2 protein chains.
Amino acid sequence: MSARDKHNRQGRYAAPAGDFEDRLQASGLRMTPHREHVFSVVCRELDHPTAEQVFLKAKESMPDISMATVYNCLEKFVECELLRLVQLDRGATRYCPNMHDHSHYYCESCGDVFDVDFDRRKLRQVLDLPQGAIPMGYEVAVRGLCPSCREEQTEDISPNQSKLQPN
Amino acid sequence: MSARDKHNRQGRYAAPAGDFEDRLQASGLRMTPHREHVFSVVCRELDHPTAEQVFLKAKESMPDISMATVYNCLEKFVECELLRLVQLDRGATRYCPNMHDHSHYYCESCGDVFDVDFDRRKLRQVLDLPQGAIPMGYEVAVRGLCPSCREEQTEDISPNQSKLQPN
DNA sequence: TTTTTGAATTAGAATTATTCTAAATCTTGA
DNA sequence: TCAAGATTTAGAATAATTCTAATTCAAAAA
C-alpha cells in the first residue's frame, strides 16, 4: 500500500490532463515516451520517490531506460514546474508532483511521507518576517508520528501513561 | 559582514554559558579543545555554515584540526542538541546553533540565510494535520528576496512597475 | 524526400559531500 | 601506573548527483 493510500489523502497534481505537454512546450521541451513514462511513475506509482525509486519502477515497463534519462527528466520537470524537489534530510532528493501549497509530514516511525495542506497567507502571518522581505515560496516539513503509528504505540498503554508530547 | 549582522537579527543560542559542557556530559561526551573551538566557530564566526566552511574557519586558529574531527564534532553536537541540521537544498548540510523554534529565510539573490521566528502553536494551527498525528518538530524554509536585495531591485523602477509578487 | 539542426538519450567518468575504518593519541578512573 | 575507553586523524569507501561526449532521434528547412 502506498503512503498516499495509507494516509488517505487525495492526490491533486498539476498536470491532470494535457497540461503536461503544454508545460513542456512552454519551456521549449518535447513530449517523449520517456518523459511521459517517468512523469506517470512519479504521479501514479509512488509517493515522493527518490530518483532511484523512480528509475527502478520505470524500468519495469521500460527496461531500456537509463538512470541518466531519469535524472534528466526529473530535472526538466522541476524546471517547467511539473514537479518540486523535496529535501527532507541528508538523504536522496525526493520528487513531488503536488504543486499546490503543502507541507510534508515525515513519520519517524514508519518513514512514510505524506502531504499536509496549509494556507499560504496564514503561514506568512505566523512567520515574523523582517520588514521589506519578499517571500516567494515556502517549504514546510513536519516530523512526528503518523496516525497509524501513534495508534500502535498507544494501544498497549492507558492514555494517561502515554509519554507522547504533542506540540 | 555576516548574514546575521546584515539582517540585524539577534543570535540566541542554546549554550550561552556553561550549558555547553553540561549538554556534552549529559550525553557522556567530554569537553575538549577541539569541540570548544568548533562550537565557537559555528556560534560566533559564521551563520549557518557548512561543514567545510566550519573546517576552513576553524583551521585559521587551530591549523592541525582535521575535517574528520569537524564532522565528528558537528555530529555529536547535533546528537546532544547543541546544533540542528539545516538542509535547504541539494547542497551541503548547514549547521545552526539557534535551537529555538525558527525558520530559515534563504535570499535567492544574495544567498544569505537568516533566522525568522515563529510561534509553534500558531504554526500547528495553520497546518491541516490529519486527526491523530503527533507532530514533534517543524522545519520551515522561506525563499525570496531579503530586504536589502529587494531595495536594490526596486530602487530604479517606480513601485507600480515592480514585477515582484509578494505572497 | 533528403538534409540539417538541435534535442534527447545513453554509458560511464567525474565530482561532491559524507561516512567509514583502523591506527595513533589522549584522558580518566581503578 | 595501568587499563579502558574516548578522541582525533588520514585516507579509503560510499552514495547521490552531475558531467561528458558519443549516439540516436525528430522536426523543420531545403
Side-chain angles (χ1 to χ4, degrees), chain A residues 20-21 23-42 46 48-59 61-80 82-96 111, chain B residues 20-21 23-39 41-42 46 48-59 61-80 82-96:
Chain A
F20 177 65
E21 187 166 13
R23 282 192 178 270
L24 287 175
Q25 288 186 341
S27 300
L29 299 167
R30 294 178 193 155
M31 184 162 77
T32 69
H34 289 110
R35 285 181 177 156
E36 280 187 277
H37 185 54
V38 169
F39 191 68
S40 83
V41 166
V42 179
L46 294 159
H48 306 97
T50 63
E52 188 174 25
Q53 290 172 321
V54 174
F55 174 59
L56 292 174
K57 200 77 186 177
K59 255 168 91 105
S61 47
M62 194 183 257
D64 290 339
I65 195 169
S66 74
M67 192 71 206
T69 297
V70 170
Y71 269 110
N72 287 340
C73 288
L74 294 172
E75 185 189 12
K76 297 301 177 190
F77 294 160
V78 171
E79 278 171 31
C80 64
L82 282 161
L83 295 181
R84 358 158 68 174
L85 299 172
V86 179
Q87 194 74 52
L88 283 174
D89 51 29
R90 256 183 265 238
T93 304
R94 295 157 179 269
Y95 295 85
C96 174
Chain B
F20 177 66
E21 186 164 13
R23 282 191 179 270
L24 286 175
Q25 288 186 341
S27 300
L29 299 168
R30 293 179 193 154
M31 185 161 77
T32 69
H34 289 109
R35 284 180 178 156
E36 281 188 276
H37 185 56
V38 168
F39 191 68
V41 165
V42 179
L46 293 160
H48 307 96
T50 63
E52 189 174 25
Q53 290 173 322
V54 173
F55 174 58
L56 293 175
K57 199 78 188 174
K59 255 169 92 105
S61 48
M62 193 182 257
D64 290 340
I65 195 170
S66 74
M67 190 73 206
T69 298
V70 170
Y71 269 109
N72 287 341
C73 288
L74 294 172
E75 185 188 12
K76 297 302 178 191
F77 294 159
V78 171
E79 279 171 29
C80 64
L82 282 161
L83 295 182
R84 5 158 62 174
L85 299 172
V86 179
Q87 195 75 51
L88 283 175
D89 51 28
R90 256 183 265 237
T93 303
R94 295 156 177 271
Y95 295 85
C96 174

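What you see below is based on every heavy atom in this structure, not just the backbone, and it leaves out hydrogens, waters and symmetry mates. Computed from a prediction, not measured in an experiment: that's the story for all the values here. By convention in this document, chain letters (A, B, ...) are assigned in the order of the sequence lines, proteins followed by strands, and residues within each chain are numbered from 1.
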Quickly work out the Gln25(B) CD to dA6(D) C1' distance and round it to whole Å. 14 Å
Separation between OG of Ser66(A) and NE2 of His34(A), rounded to the nearest 0.5 Å: 7.5 Å
Taking side chain as C-beta onward, heavy atoms only, is His37(B) less than 4.5 Å from Ser61(B)? yes
Assign a letter to each nucleotide of nucleotides 5-21 of chain C from its 5' end: B, base within under 4.0 Å of a protein heavy atom; S, sugar-phosphate only; -, no contact. -BSSBBB-----SBB--
Could you tell me the separation between the CG atom of Leu74(B) and the C1' atom of dT8(D), rounded to a whole number of Å? 14 Å
With a 6.0 Å cut-off on ring centres, are Phe77(A) and Phe20(A) close enough? yes
To the nearest 0.5 Å, tell me how far Leu82(B) CG sits from Arg35(B) CZ. 10.5 Å
Return the NZ to CE distance between Lys59(B) and Met67(B), rounded to the nearest 0.5 Å. 10.5 Å
